[in-house]
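Shown next, in structure tokens, is the structure this report addresses.
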Amino acid sequence: MSVTLTNSIQTIPTGASTKDSAARKLLRVLEAVSSPSEAHRLSDLVKETGLTKTSVFRLLSELVDEGYVSRTTDGTYSPGRALRVLALRLAKNSTDDSDQVRTRLKRLQEDVQSTIHFALRTGDWATYVEKVEDTAQPIRMASRIGAQIPLHSTAIGKAVLAYLPESEVRKYAAKTGLPRRTDKTITDVESLLTDGELVRNRGYSIDDEENEEHIRCMATPVFDTRNNLLGGIGITTIAPLVTQQKLESFAPLLLTAARDIMGLV
């Protein structure tokens with residue numbers, strides 16, 4: 001699923017009136033960033049929007065802070081995770097039955113007979129954008145699409161943190177304080193970094209009642225086709241009913257599903 005706004009936002013010609021509202025300027029920048037391209041440099045966006053360099057840079061900075069635009073280390077810009085969340089929500093509300101992401105998640109749910117979540121990173125949180133419930137279980141999960149979950153105590157969140165630079169993980173820990181959710185929550189950054197190394201080595205994370213008592217989860221990160229980290233897919237189970245050994249036996253199915261979805265987001 002590509003994120004593009006060019007079909008839904010009327011194109012505004014270069015050199016349009018400087019009296020444009022702040023909202024119109026913001027939309028012009030979003031439209032330019034989301035147009036198909038290998039890379040969007042600041043100079044390219046200035047030319048495409050017809051706005052001043054100062055205005056474009058200020059708007060981009062605000063969009064980056066809110067997660068709607070991502071800035072890479074080489075200085076280029078691309079649609080951010082929050083914008084992808086919005087795109088996936090719009091797709092979910094569509095009546096089109098060919099939602100390939102949900103179809104693939106549903107197949108994973110049928111294979112493992114457990115609830116499946118797909119969440120995208122949005123700043124210091126992950127946000128659920130898809131959920132496929134295991135209706136056979138006597139206990140229903142309280143999770144819902146649009147809900148935010150912490151990164152340090154959830155399987156999806158830990159899968160995300162594992163693939164961030166160490167400096168960013170330390171910054172996240174300092175900012176959030178790694179609040180305790182249960183007696184098993186990781187609450188110090190060194191342990192979190194050690195856990196991240198384990199996740200990278202085996203390809204998936206485990207939340208063993210670290211976010212909620214009696215809930216055991218496994219997750220793996222999801223990247224887009226340019227290898228940008230987006231979020232993660234998780235399998236959620238009832239701890240008394242599914243052992244960690246049983247949960248980890250689902251790893252090949254989970255990793256395969258993540259690879260398939262990589263080409264769809």
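These numbers come from the heavy atoms of this one structure, side chains and all, not from hydrogens, waters or symmetry mates. Residue indices begin at 1 and follow the sequence shown.
- A salt bridge between Arg41 and Glu48 is absent, with no side-chain N of the basic residue lying under 4.0 Å from a carboxylate O of the acidic one.
- Between the Asn201 side chain and the Glu197 main chain, a donor and an acceptor come within less than 3.5 Å of each other.
- Leu51 and Val46 get closest at one heavy-atom pair: O-CG1, 3.3 Å.
- Using modelled atom types, one finds no donor on one side chain facing an acceptor on the other under 3.5 Å when comparing Arg58 with Ser55.
- For the residue pair Ser249 and Pro252, the shortest heavy atom distance occurs at O-CD, 3.5 Å.
- With hydrogens and angles disregarded, no donor-acceptor distance shorter than 3.5 Å links the side chain of Lys175 to the backbone of Asp124.
- In the displayed structure, Gln245 atom CD is contacted under 6.0 Å by at most 12 heavy atoms of other residues, nucleotides or ligands.
- Taken to the nearest 0.5 Å, the NE2 atom of His40 stands 11.5 Å off from the OG atom of Ser70.
- Using a 4.0 Å cut-off between a side-chain N of Lys or Arg and a carboxylate O of Asp or Glu, Glu62 and Lys25 do not qualify as a salt bridge.
- With hydrogens and angles disregarded, no donor-acceptor distance shorter than 3.5 Å links the side chain of Gln113 to the backbone of Asp134.
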* Asked: For Thr127 and Leu120, what are the C-alpha separation, side-chain angles and deciding distance, and is it a side-chain contact (heavy atoms from CB on, under 4.5 Å)?
  -> CA-CA 5 Å; Thr127 302; Leu120 300 182; 5.6 Å; no
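- In this structure, Glu66 has no salt bridge (charged side-chain N to carboxylate O under 4.0 Å, His left out) partners at least two apart in sequence or on a different chain.
- Using a 4.5 Å cut-off between side-chain heavy atoms of Ile, Leu, Val, Met, Phe, Trp and Tyr, with links allowed through other members, Val29 and Phe57 fall into the same hydrophobic cluster.
- The cluster map of Ile, Leu, Val, Met, Phe, Trp and Tyr, joined by side-chain heavy atoms under 4.5 Å apart, puts Leu108 and Phe223 in different clusters.
- Looking only at distances, a side-chain donor or acceptor of Tyr172 sits under 3.5 Å from a matching main-chain atom of His152.
- Closest approach of Gly203 and Tyr163 over heavy atoms only: CA-OH, 4.5 Å.
- Looking at every heavy atom in both residues, Ala155 comes nearest to Ile206 through CB-C, 4.5 Å.
- Residues Ile186 and Leu192 share a closest heavy-atom pair of CG2-N, 3.6 Å.
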* Full working for side-chain contact (heavy atoms from CB on, under 4.5 Å) between Glu166 and Val169 -> CA-CA 5 Å; Glu166 180 178 331; Val169 176; 5.5 Å; no
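- Checked by atom type and distance alone, the side chain of Arg28 pairs as donor or acceptor with a backbone atom of Thr49 at under 3.5 Å.
- For Tyr68, the OH atom is loosely surrounded, since the number of other residues' heavy atoms within 6.0 Å does not exceed 12.
- Among all heavy-atom pairs drawn from Ser114 and Thr236, the shortest one is CB-O, 3.6 Å.
- In the hydrophobic clustering of ILVMFWY residues, with side-chain heavy atoms under 4.5 Å counting as a link, Tyr204 and Leu253 come out together.
- No donor-acceptor pair closer than 3.5 Å links the side chain of Arg121 to the backbone N or O of Leu229.
- No donor-acceptor distance shorter than 3.5 angstrom exists from the side chain of Ser205 to the backbone of Val199, with no hydrogens or angles considered.
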* Arg170 vs Glu190, salt bridge (Lys or Arg N to Asp or Glu O under 4.0 Å): CA-CA, chis, key distance, verdict -> CA-CA 9 Å; Arg170 291 187 179 277; Glu190 298 303 330; 2.9 Å; yes
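- The salt bridge (Lys or Arg N to Asp or Glu O under 4.0 Å) test with Glu210 is passed by exactly one of Arg181, Lys158, Lys184: Lys158.
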* To do: Would you please test Val69 and Leu59 for side-chain contact (heavy atoms from CB on, under 4.5 Å) and show each step?
  => CA-CA 10 Å; Val69 171; Leu59 291 169; over 6 Å; no
